[in-house]
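Just so you know, residue 1 is the first one in the sequence shown, and it goes up from there. Every number for a ligand or one of its atoms is a count from 1 in the order of the listing. These numbers come from a predicted model, not from an experiment.
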Amino acid sequence: MDRIVVKGNGALSGDIPISGAKNACLTLMPATLLSEEPLTLTNAPRLSDIRTMTALLQSLGCEVTSLQDGKVLTMSSHDINNHKADYDIVRKMRASILVLGPMLARDGHAVVSLPGGCAIGARPVDLHLKALEAMGAELDLRDGYVHAKAIGGRLQGAEFTFPLVSVGATENALLAAVLAKGTTVLKNSAREPEIVDLANCLIKMGAQIEGAATGTITIQGVDSLHGATHPVVTDRIELGTYMLAPAIAGGEVELLGGQRELVGAFADKLEEAEIEVTQTNRGLKVKRKNGRVRAVDVVTEPFPGFPTDLQAQMMALMCTAEGTSVLEEKIFENRFMHAPELMRMGANIDVHGGHATVTGVDKLKGAPVMATDLRASVSLILAGLAAEGETVVSRVYHLDRGYEHVVRKLSGVGAHIERLQEGD
Ligand code: EPU
């Protein structure tokens, strides 16, 4: 298995271009299933999760063409000849469940494997299923699969209130409701920029949607959708991750394409920690205000709150901050697996339930560490930027799921980072 080696190398300087959002692209791609005409996505990130979604769509009969080295994806769902999303693909990536809503809306039936748990939590899909049931889906859970049918052949508009905010369930319901008969109102829906991006793309395809950014989405179902071309929104989690690089290592870095409104609560926290964040006409410029970073407390919440997907990276910053910080994880029950790895680098962290108390130390020390999930793996790389000596991160396939060209991007601003292939 490949490894990434990082050596603390002092201040960083230069630009990092930010890619299109993985999590937006993964919900935009299944939108192709809603139309017989082609959907083209530009600004797509080149990531293994996107290749997994490509394989899933192809297994259903979609044609997916990747242009400009994967930056442009053209998808055509003229001939959907298979309505079963197989366990072998779904188990690799939970976002596969997002084909359920659109297949059901388009053809009135679908069979999709249940994803099962994952490293950061149990992550059930009950809310996806309840929202679809409210729209008239008949569901039968057997052999590890959801067998879904639209009663009467077509989903019906409905009012549904999510008991808790779920990004994926909102996406699945939205993808289904655009072709349902009548009006659907989704209350307590997620407001993440990826939801707004999905709604904007669907509107370009002819859908009638209002309120995607408000927590109540109203959808007037239409009979069919047409083709469209849509640029994937900037990846706010990649943006936040690289904003932390100069905060941790020192120096000044400009994140090209970054917009503050994508990372509002996170940027506010950085400023509280004595990091300066400036919007320029090219993106966001980040540097420390003074010397040492100040410890701040963090609570993860749905958008517009502090994102769970930046909690691990923020913890890496807090490891060398002045004072003690408490990070509270409220979205996933098992998302502190990076803590013991950071402790192997000399961090002082005490995890108790959904809280982690981090007391800043003067210096981290390089060590061999193991990535446990996508965001955990990048937090170890960030910590390595500030550590004395060499940090070797193994199991970097996690990183390939969500960070495009991480070595190129960080070495471009002066970091000492390289990837060793298996056997090196
Ligand atoms: N939940 C349920 N039932 C459901 C759905 C969710 O109980 O049917 C719970 C989850 O277990 C969790 C909470 O609701 O405790 C929120 O989960 P949500 O559904 O919002 O998460 P998701 O859609 O599965 C997406 C991102 C995650 C990100 C979360 C939260 C994608 C492909 N994934 O997951 O991204 O952490 O929203 O913002 O969009 C990542 O990129 O590293 C990642 C894990």
For [atom], tell me which residue out of [options] has the closest non-hydrogen atom.
atom: atom 32 (C) of ligand 1; options: Leu129, Asn23, Asp373, Asp49; result: Asn23
atom: atom 3 (N) of ligand 1; options: Asp126, Leu310, Ile97; result: Asp126
atom: atom 44 (C) of ligand 1; options: Lys130, Arg335, Glu238, Glu192; result: Arg335

Of all the atoms in ligand 1, which lie at a distance below 4.0 Å from a heavy atom belonging to [X]?
X: Val125; answer: 4 (C), 8 (O)
X: Leu164; answer: 9 (C), 14 (O)
X: Gly168; answer: 19 (O), 23 (O)
X: His128; answer: 8 (O)
X: Leu374; answer: 42 (O)

Polar atom proximity, [X] to ligand 1 (N or O, under 3.5 Å):
X: Phe332; answer: no
X: Glu333; answer: no
X: Lys22; answer: yes
X: Glu171; answer: no

When you measure from [atom] to every protein heavy atom, which one gives the shortest distance, and what is it?
atom: atom 30 (C) of ligand 1; result: Thr308 CG2, 3.8 Å
atom: atom 22 (P) of ligand 1; result: Arg123 NH2, 3.7 Å
atom: atom 12 (C) of ligand 1; result: Ile331 O, 3.4 Å
atom: atom 8 (O) of ligand 1; result: Leu127 N, 2.7 Å
atom: atom 43 (C) of ligand 1; result: Asp309 OD1, 3.4 Å
atom: atom 41 (O) of ligand 1; result: Arg375 NH2, 2.7 Å
atom: atom 20 (O) of ligand 1; result: Val167 N, 2.7 Å
atom: atom 19 (O) of ligand 1; result: Ser166 OG, 2.6 Å

Do you see a donor-acceptor pair shorter than 3.5 Å between the side chains of [X] and [Y]?
X: Gln220; Y: Thr183; answer: yes
X: Lys204; Y: His230; answer: yes
X: Thr65; Y: Thr74; answer: no
X: Glu404; Y: Ser19; answer: yes
X: Ser48; Y: Lys92; answer: no
X: Glu328; Y: Thr300; answer: no
X: Glu194; Y: Thr27; answer: no

Can [X] be said to touch ligand 1, with heavy atoms closer than 4.0 Å?
X: Arg94; result: no
X: Pro124; result: yes
X: Met53; result: no

Using a strict 4.0 Å threshold on nitrogen-to-oxygen distance, state whether [X] and [Y] make a salt bridge.
X: Arg142; Y: Asp140; answer: yes
X: Lys269; Y: Glu272; answer: yes
X: Glu422; Y: Arg3; answer: no

Pairing residues for Asp268 by the side-chain hydrogen bond (donor to acceptor under 3.5 Å, both in side chains) criterion, not counting sequence neighbours: Arg260
Pairwise side-chain contact, Thr278 with Leu284, heavy-atom cut-off 4.5 Å (strictly under): no
Student check: side-chain heavy atoms of Val253 and Leu255 closer than 4.5 Å: yes
Sole residue of Arg236, Lys22, Arg335 in salt bridge (Lys or Arg N to Asp or Glu O under 4.0 Å) with Asp309: Arg335
